[in-house]
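Data first, discussion second: the structure below is written as structure tokens.
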Amino acid sequence: MRVAVLGAGYAGLTLARKLERTLPDDVELVVVDESATHVVQHELHRVVRRPSLAEEISVDLDAVLDCELRTASVTAIDPDAGTATLDGAETLSYDVGAVCLGARTAFYDLPGVRAHATPLKRLDDARTIREAFLALSSGRVVVGGAGLSGIQVAGELAALRDEEGTDTEVLLLEQESEVAPTFPESFQVAVHDALVDAGVTVRTGDSVARADAETISLENGEDLAYDQFVWTGGITGTDAMGEERPVVRADLRLGERTFAVGDAARVVDSDGEAVPASASAAIREARVAGGNIAALVDHLRDGRGGFEPRLTRYSFDVPGWLVSVGDDAVAKVGPTVLTGRTALALKTTVGAGYLGSVGAIENAVDLVREELDVAIDEDEIDEALSETEK
């Protein structure tokens, strides 16, 4: 029997680690990803200002997984038949599988935006953004989209500008009426204030209509001249999913043999509420999917037919939200909103905790040391972070 995990982002890596601990020894586990390296996406913006962090947020999959790994692109999936096409040619069959392919940047067919804007999905994107920014001594950089990714990259660019002593405007553009539009109002207000304090120009209620090499045209008819354009305006499905993010219910089931976890799908939780795309949701969904896959595997191995096992339903419940804005940060924990070094330390601790949970203890230690500039006992960190797997 074979279980396949397609994709090794937050959802896929968390799920694969859980399945390694819970699947019977005679069940084959295979993980497929287009890269041999897992990148901690919620820290990717940091590389724009601090390239050395690329090493801390990059984890070799073969260092944290002890199963079959295939480096290939998943180009098609049949969730009912239990097959995935790899690199457009090879067919991978599985008895139970999980689609954890994440999402891609959405350009919404806006003329010229894909051609002239840089997204922020990979390390190479962060490096490209940095190099283009450092080539400027003045002018304007427009960041399109004020979700968490756009907020964070705008904050890093403003801080980099201040460090370099240039006269470049960083303009954050959002079509909704507030930054962080899907989040609670108290969080939105604190984030807006942090952006302004960082020297970011914030414009809300303005939608991009098109772009060329020098100008962004807005829906209101205004033309914005720019020198660099970064696009974080939304997400869409991967090619393997037909550029769609299908809706799945709280048991995360996509097909007869397949589950969908993380940003690859639009999850509706056990309360009938849409789950926002986020790393924290993907990690928690993966834990539920891991139990459901193990239950389904046991049922199929039993071979006696009958009713399938009752699957666990995912309920969206995260303790709060975190976002960095240059050297500042905003955290909402319950009803409390925190800013400054306390929030930054909390965000770093969450990042390190995630790295520890997937077995990248050394990366976690290095991240804490570099982000917070503190002396730490590696044995104590190792012990503390190991608790996250229990």
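One-based numbering along the sequence shown. A quick note: this is a predicted structure, and the numbers were derived from the prediction, not measured.
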Value for CG (Leu65) from CG (Leu13), rounded to nearest 0.5 Å, stands at 5.5 Å
Could Arg2 and Glu68 be called an ion pair, given the rule that one side-chain N must be under 4.0 Å from one carboxylate O?
no
Side chain of Glu178, backbone of Glu185: donor and acceptor closer than 3.5 Å? no
Do His42 and Tyr354 meet the criterion of a side-chain donor-acceptor pair at a distance under 3.5 Å? no
Parallel under 30°, tilted from 30 to 60°, perpendicular over 60°: which one fits the rings of Phe187 and Phe183? tilted
Hits for side-chain contact (heavy atoms from CB on, under 4.5 Å) against Thr71, two or more places apart or cross-chain, chain-then-number order -> Ala36
Taken in chain and number order and not counting sequence neighbours, the residues that satisfy side-chain contact (heavy atoms from CB on, under 4.5 Å) with Ala240 are Val74, Ile77, Leu101, Thr238
When rounded to the nearest 0.5 Å, the distance separating OG1 of Thr236 from CG of Asp263 is 11.5 Å
**Message:** Let me check something: do Leu173 and Val48 share a hydrophobic cluster, defined by ILVMFWY side-chain heavy atoms less than 4.5 Å apart, either directly or through other members?
**Reply:** no
- Between Ser207 and Tyr108, is any pair of side-chain heavy atoms under 4.5 Å apart? no
Exercise. So, Ser280 versus Ser278: side-chain donor-acceptor pair below 3.5 Å or not?
Worked result: yes
CG (Asp66) with more than 12 external heavy atoms under 6.0 Å: no
*After noting the C-alpha distance and the side-chain angles of Arg50 and Glu56, does the key distance pass the salt bridge (Lys or Arg N to Asp or Glu O under 4.0 Å) rule?*
CA-CA 11 Å; Arg50 297 163 65 182; Glu56 277 73 35; over 6 Å; no
Original post:
Does the side chain of Leu171 reach to within under 4.5 Å of the side chain of Leu224, using non-hydrogen atoms?
Top reply: yes
Rounded to the nearest 0.5 Å, the OG atom of Ser73 sits from the CG atom of Asp87 at a distance of 5.5 Å
Test of understanding: clusters of I, L, V, M, F, W, Y form through side-chain heavy atoms closer than 4.5 Å, transitively. Do Phe107 and Leu172 belong to the same one?
no
The side chain to side chain contact (heavy atoms under 4.5 Å, CB included) partner of Leu6 among Val30, Leu92, Thr258 is Leu92
Between the OG atom in Ser324 and the CD atom in Glu156, the distance rounded to the nearest 0.5 Å is 5.5 Å
Q.
Less than 4.0 angstrom from a charged side-chain N to a carboxylate O is my criterion; do Arg284 and Asp317 meet it?
A. no
Subject >> Cluster link Leu44 to Leu322, ILVMFWY, side chain under 4.5 Å >> reply: no
